[in-house]
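Have a look at the structure below, then the notes.
All figures in this text were calculated on a predicted structure; none of them were measured in a lab. Heavy-atom basis, side chains included; hydrogens, waters and symmetry copies ignored.
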Amino acid sequence: MTLDPEYTKRKFRKELGFTINFYIRHAKLQRAKQLLINTHLPIGEIAERINFYNSAEFARQFQKEFDITPSKYRELNQIFYKEE
């Protein structure tokens, strides 16, 4: 049995209140937050690892989602974790 992709998208949105694309983007950006804090990987490599088209698009989406740039997020969290 296969499900129609459009049916699946509508059902997902109806049941959860947001789109599949939103969910995937949000999950990727949550993973990026972990990588920014727990690694010293360059922003471009993080964007590549979480399958963003390029680092500029990743940075734009990250700032749109969290109201802070990836580099500023890393900087602030590294300061926070160093003080503990």
Side-chain angles (χ1 to χ4, degrees):
M1 177 179 159
T2 60
L3 293 176
D4 176 47
E6 291 305 314
Y7 170 81
T8 304
K9 289 178 190 177
R10 284 192 307 273
K11 187 74 169 164
F12 190 96
R13 185 177 184 114
K14 181 180 178 186
E15 295 296 321
L16 299 176
F18 46 84
T19 65
I20 291 172
N21 289 340
F22 173 85
Y23 176 79
I24 291 168
R25 183 176 58 84
H26 183 75
K28 286 179 175 185
L29 293 172
Q30 289 296 330
R31 177 67 180 135
K33 285 171 76 173
Q34 294 172 342
L35 292 170
L36 288 164
I37 293 172
N38 298 316
T39 72
H40 295 290
L41 294 171
I43 303 293
E45 189 168 334
I46 290 173
E48 188 176 306
R49 284 190 181 202
I50 62 171
N51 295 318
F52 264 84
Y53 178 69
N54 60 42
S55 57
E57 179 63 15
F58 162 64
R60 189 179 74 75
Q61 291 294 324
F62 190 95
Q63 185 159 7
K64 181 179 174 184
E65 179 87 8
F66 303 117
D67 202 29
I68 190 170
T69 64
S71 55
K72 190 67 172 176
Y73 179 84
R74 172 180 269 167
E75 178 187 330
L76 291 174
N77 281 284
Q78 286 179 343
I79 290 169
F80 176 75
Y81 285 109
K82 284 180 185 176
E83 291 177 356
E84 290 189 273

Worksheet item: With distance as the sole test, does K28 use its side chain to make a donor-acceptor pair with the main-chain N or O of N51 at under 3.5 Å?
Response: yes
dist E75:CD -> T69:OG1 (nearest 0.5 Å) comes out at 8.5 Å
Are I37 and F58 linked, directly or through intermediate hydrophobic residues, by side-chain heavy-atom contacts shorter than 4.5 Å (ILVMFWY only)? yes
Whether over 12 other heavy atoms sit under 6.0 Å from N38 CG
yes
Less than 4.5 Å apart, any side-chain heavy atom of K33 and any of L29?
no
Here the gap from H40 atom NE2 to I46 atom CD1, rounded to the nearest 0.5 Å, amounts to 11.0 Å
Polar contact flag, side-chain donor to acceptor under 3.5 angstrom, E57-Q61: yes
Minimal heavy-atom distance between P70 and A59, with the atoms involved, is CG-CA, 3.9 Å
In terms of heavy-atom contacts, F62 and I68 come closest through CD2-O, 3.2 Å
When every non-hydrogen atom of S55 is compared with those of A47, the smallest separation belongs to CA-CB, 3.8 Å
* Neighbour count >12 (heavy atoms, 6.0 Å) for atom CD, E65 -> yes
dist R13:CZ -> N21:CG (nearest 0.5 Å) comes out at 10.5 Å
message = Using side chain to side chain contact (heavy atoms under 4.5 Å, CB included), reason through L16 and Y23 one step at a time and then give a plain yes or no.
response = CA-CA 10 Å; L16 299 176; Y23 176 79; 5.9 Å; no
NE2 (H26) and CZ (R31) are apart, to the nearest 0.5 Å, by 14.5 Å
Close side-chain approach of K9 to F12, heavy-atom, < 4.5 Å: no
Rounded to the nearest 0.5 angstrom, the CZ-CZ distance for F18 and R25 is 11.5 Å
>> Under the criterion side chain to side chain contact (heavy atoms under 4.5 Å, CB included), I'd like the reasoning laid out for Q63 against Y73: C-alpha separation, chi angles, the key distance, then a yes or no.
In response: CA-CA 9 Å; Q63 185 159 7; Y73 179 84; over 6 Å; no
Taking every heavy atom of R74 against every heavy atom of L36, the minimum-distance pair comes out as NE-O, 3.0 Å
Open item on the list: Do I24 and L35 land in one hydrophobic cluster if side-chain heavy atoms of ILVMFWY residues count as linked below 4.5 Å?
Closed with: no
